[in-house]
Student: 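Structure below; questions to follow.
Nothing fancy with the numbering, it's 1 onward along the sequence. Bear in mind the structure is a predicted one, so any value in this text is a computation, not a measurement.
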Amino acid sequence: MRFATRVLVQSWWYELVLPTVGLRALANRSRTRRMVGIARRFHPLAVELGGLMIKVGQFLSSRLDVLPPEVTAELADLQDEAPPVPFEEIRRAAEASLGVPLDRAFERLDPIPLAAASLGQAHRGVLRPEDAEIAGFADVVVKIQRPGIDRIVDTDLAALARIGRILARVRMVSRRVDAPALVAEFAAVSRDEIDYLHEAASAERFAMDTADRPGVDGPRVAWERTTRNVLVLEDVSAIKISDVAALRAAGIDPTAVAHAFATAMLDQVFLDGPFHADPHPGNVFVTPDASAEGGFRLTFIDFGMMGEVSGELRERLQTAVIAVVSRDGAGVVRAFRDVGMLLPSADTAELERALTALFERFGGMGFAELQQVDPREFRDFAREFGDVVRELPFQLPENFLLLIRAVSLTSGVCSALDPAFNIWNAAEPYAMGLMTRQTGGALRGLGKRAADVAAVVARLPQRADTLITTLDEGRLVVDTSRLERRVERLARRVIAVVIFAGLIIGGAVVHASDAVLGAALMIGSAPVGAFALFSRSR
């Protein structure tokens with residue numbers, strides 16, 4: 001809270017006081033330097049406080065929609081640097097959660113941690129024979145939460161919520177970002193991470209989603225020894241996906257691994273819905289397997305951070321993916337609006353211009369090609385794009401943030417394995433599949449609308465006859481012969497127009513994938529269009 005107070009006072013002085021006395025230029029010139037300084041001071045503070053503060057830094061480092069790139073870069077290398085908890089303390093915490101002594105819960109548990117983080121630490125172990133028989137495996141990795149972490153997390157979230165409420169009252173912040181909403185989404189992710197039952201369920205769901213993909217798997221859960229504070233998973237340690245030398249020593253082609261990894265991640269996003277949102281190199285192993293394609297399997301671990309693409313979001317995301325792959329700046333902006341990333345009042349002309357320029361210059365380039373670009377030119381584009389985005393009322397929804405994180409990590413890992421890897425090429429088959437499905441949906445929609453109009457038109461003579469009968473009963477004599485003829489002619493023209501529109505639009509859409517069928521549909525629309533245009537309606 002003291003750190004946040006100092007930052008707020010500093011910002012108040014530079015952003016409000018100095019501009020009122022004619023020193024706005026001074027405040028503007030020093031803004032980036034000041035923000036980088038804040039990020040640098042926060043780094044050691046986060047390590048000292050532990051708990052969620054390191055997670056806060058990692059979270060903010062991914063918020064390119066809120067913070068300048070200089071600041072996110074400063075926070076990007078902030079990793080879990082917490083010292084391990086003494087094993088006796090970990091033992092007491094685990095036994096309190098399991099309800100039995102550790103030597104009764106496990107055949108063996110290594111007192112030296114495999115890894116230590118701010119929320120918990122992991123130890124290798126072996127299940128007792130009776131538990132191993134039930135689980136189907138014996139070697140395990142046991143994740144145990146730090147003692148008292150619930151209380152620490154509650155304290156951290158309460159402090160962050162208070163800061164968020166304060167920032168919501170500061171106009172220069174509130175007009176750019178919804179701080180309480182940011183805190184709320186961070187709190188939701190954090191509470192999921194400290195609930196190991198949630199992570200266990202995510203691991204099991206991942207296994208179900210990938211059961212029919214022989215090249216992808218994850219660890220099984222030993223549910224008999226898993227609690228909210230203790231997670232027991234099958235030990236699936238193998239070659240780290242970024243260890244190129246070990247892959248080659250095992251006879252595995254790193255380029256094949258890159259393409260398999262990209263396919264596995266894109267399958268999760270576009271086919272499964274739930275996806276691994278933290279696929280960094282430490283969370284993905286390559287397991288040699290002669291029976292699998294390429295001689296290896298990809299094994300994912302650590303399901304504490306999972307995202308999910310809902311049905312509605314997936315439909316909107318399809319439009320965004322097609323627009324990106326098509327290098328359509330205007331289409332990307334429309335997709336941003338549909339997803340809810342931009343307020344309806346946002347002036348997006350500059351964003352559309354920046355995206356169009358970005359696609360024209362860098363669209364379709366792989367990692368190796370981008371390395372050949374003059375760094376100054378790329379920096380200029382990045383600065384222009386970032387400035388435009390930060391000036392808009394623009395904020396990523398949580399699932400979108402996790403999706404972008406997953407795609408960014410995937411691209412980075414794949415590029416390290418294969419410098420010529422191109423994420424555009426990997427995504428293109430999915431985009432084509434989406435476009436094909438949208439084409440079919442559009443044609444079905446046109447057919448349905450045509451059928452609806454035809455049904456209405458078919459009922460028109462009967463309705464006219466009913467109206468005539470009603471008028472007769474009211475002793476009002478009406479000559480309807482001319483009306484009926486006009487209705488019938490109008491009906492024929494309406495049907496012709498609908499059929500013409502369906503043929504011409506359907507032909508244009510299908511032409512991209514089937515030139516013969518598309519041409520036939522468009523040619524077939526000509527006589528129908530002529531009838532609609534020249535037939536008499538009077």
Side-chain angles (χ1 to χ4, degrees), residues 80 82-147 149 193-208 210-211 216-241 243 246 250 276 278 280-292 296-305:
D80 281 344
V85 177
F87 185 68
E88 283 307 311
E89 294 183 30
I90 282 291
R91 174 193 290 275
R92 287 194 294 270
E95 290 178 344
S97 183
L98 291 168
V100 296
L102 280 186
D103 56 2
R104 286 182 54 192
F106 301 98
E107 185 75 13
R108 180 175 59 82
L109 189 67
D110 190 347
I112 300 174
L114 177 65
S118 60
L119 302 183
Q121 59 192 53
H123 296 257
R124 277 201 170 96
V126 178
L127 290 174
R128 293 180 67 84
E130 57 270 24
D131 291 333
E133 184 177 355
I134 296 173
F137 53 89
D139 294 333
V140 294
V141 171
V142 183
K143 292 178 64 175
I144 304 170
Q145 286 183 3
R146 286 175 175 265
I149 193 63
E193 280 200 78
I194 63 170
D195 182 355
Y196 285 166
L197 290 175
H198 181 273
E199 182 175 346
S202 296
E204 194 162 82
R205 185 174 182 181
F206 180 87
M208 293 174 61
T210 58
V216 180
D217 64 11
R220 290 172 287 178
V221 181
W223 284 103
E224 293 75 15
R225 294 302 180 194
T226 293
T227 69
R228 187 179 183 277
N229 307 107
V230 177
L231 174 61
V232 184
L233 297 170
E234 180 184 11
D235 188 354
V236 292
S237 302
I239 302 171
K240 191 176 179 180
I241 192 171
D243 192 342
H276 198 301
D278 195 23
H280 64 72
N283 285 341
V284 186
F285 292 121
V286 179
T287 305
D289 184 350
S291 64
F296 63 88
R297 290 180 287 110
L298 294 175
T299 304
F300 289 75
I301 64 170
D302 194 349
F303 299 92
M305 188 181 295

Student: Decide if atom CD of Glu133 counts as having more than 12 heavy atoms of other residues, nucleotides or ligands within a radius under 6.0 Å.
Tutor: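 No, the 6.0 Å shell around CD holds no more than 12 heavy atoms from other groups.
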Student: Looking at CE of Met305 and CD of Glu199, how far apart are the two atoms once the value is rounded to the nearest 0.5 Å?
Tutor: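 Those atoms lie 10.5 Å apart.
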Student: To the closest 0.5 Å, what do you measure between CG (Leu197) and CH2 (Trp223)?
Tutor: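 If we round to the nearest 0.5 Å, Leu197:CG and Trp223:CH2 are 6.0 Å apart.
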Student: Between Thr226 and Val232 (side chain of the first, backbone of the second, donor and acceptor by atom type, cut-off under 3.5 Å), is there such a pair?
Tutor: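 Indeed, once roles are kept as given, a pair shorter than 3.5 Å links the two residues.
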Student: Can Leu233 and Phe303 be said to form a side chain to side chain contact (heavy atoms under 4.5 Å, CB included), step by step?
Tutor: CA-CA 11 Å; Leu233 297 170; Phe303 299 92; 5.7 Å; no
Student: Would the distance check show the side chain of Gln145 and the main-chain N or O of Ile194 forming a donor-acceptor pair, the cut-off being under 3.5 Å?
Tutor: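 Between the backbone of Ile194 and the side chain of Gln145 there is a qualifying donor-acceptor contact (under 3.5 Å).
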Student: Does Arg297 use its side chain to pair, donor to acceptor, with the backbone of Phe285 at less than 3.5 Å?
Tutor: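 It does not hold such a pair.
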Student: Where is the tightest heavy-atom contact between Ile144 and His123, given as atom of each residue plus distance?
Tutor: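 Scanning both residues, the minimum pair turns out to be CD1-CD2, 4.5 Å.
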Student: Donor-acceptor check, side chain of Gln121 to backbone of Val85, threshold 3.5 angstrom: yes or no?
Tutor: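 Yes, Gln121 side chain to Val85 backbone: donor-acceptor pair under 3.5 Å.
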Student: Is a donor on one side and an acceptor on the other found under 3.5 Å between the side chain of Glu193 and the backbone of Gly304?
Tutor: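 Looks like no, no N/O pair under 3.5 Å.
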Student: Where is the tightest heavy-atom contact between Pro281 and Ile241, given as atom of each residue plus distance?
Tutor: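 That closest heavy-atom pairing would be CA-CG2, 3.8 Å.
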Student: Are Lys143 and Leu119 packed together at the side-chain level, in the sense that at least one heavy-atom pair is separated by less than 4.5 angstrom?
Tutor: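 SC-SC contact between Lys143 and Leu119 ruled out.
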Student: Start with the C-alpha gap between Ile112 and Arg124, add the side-chain angles, then the distance that decides, and say whether side chain to side chain contact (heavy atoms under 4.5 Å, CB included) holds.
Tutor: CA-CA 8 Å; Ile112 300 174; Arg124 277 201 170 96; over 6 Å; no
Student: Grab the two heavy atoms, one from Leu127 and one from Glu107, that are nearest each other, plus how far apart they are.
Tutor: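 The pair with the smallest heavy-atom distance is O-CB, 3.5 Å.
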Student: Looking at Tyr196 and Thr227, what are the two nearest heavy atoms and their distance?
Tutor: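 For Tyr196 and Thr227, the tightest heavy-atom pair comes out as CB-O, 3.5 Å.
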Student: For the pair Phe206 and His276, name the ring-plane relationship: parallel under 30°, tilted 30 to 60°, perpendicular over 60°.
Tutor: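 Perpendicular.
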Student: Under a 4.0 Å N-O cut-off, is there an ion pair linking Glu89 with Arg92?
Tutor: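 No, Glu89 and Arg92 are not salt-bridged.
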Student: Of all heavy-atom pairs between Ile301 and Gly282, which one has the smallest distance, and what is that distance?
Tutor: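 That would be CD1-O, 3.6 Å.
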Student: Taking all atoms of both residues into account, what is the closest heavy-atom pair of Arg220 and Gly136, and its distance?
Tutor: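 Heavy atoms of Arg220 and Gly136 come nearest at NH2-O, 3.5 Å.
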Student: Are Phe296 and Ile239 close enough, and set up right, to give a side chain to side chain contact (heavy atoms under 4.5 Å, CB included), and what steps lead you there?
Tutor: CA-CA 10 Å; Phe296 63 88; Ile239 302 171; over 6 Å; no
Student: Tell me, do Asp139 and Val126 make a side-chain contact under 4.5 Å, heavy atoms counted?
Tutor: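 Result yes, sub-4.5 Å side-chain heavy-atom pair found.
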Student: Using only atom types and a distance under 3.5 Å, with no angle test, would you say the side chain of Asn283 pairs donor to acceptor with the backbone of Asp278?
Tutor: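 Yes, because the side chain of Asn283 sits within donor-acceptor range (under 3.5 Å) of the backbone of Asp278.
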Student: Please confirm whether the backbone N or O of Ser97 pairs with a side-chain atom of Arg228, one donor and one acceptor, at under 3.5 Å?
Tutor: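 No.
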Student: Distance check, rounded to the nearest 0.5 Å: Leu114 atom CG versus Asp235 atom CG?
Tutor: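 Going from the CG atom of Leu114 to the CG atom of Asp235 covers 7.5 Å.
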Student: Please walk me through it: do Leu98 and Arg104 pass side chain to side chain contact (heavy atoms under 4.5 Å, CB included)?
Tutor: CA-CA 10 Å; Leu98 291 168; Arg104 286 182 54 192; over 6 Å; no
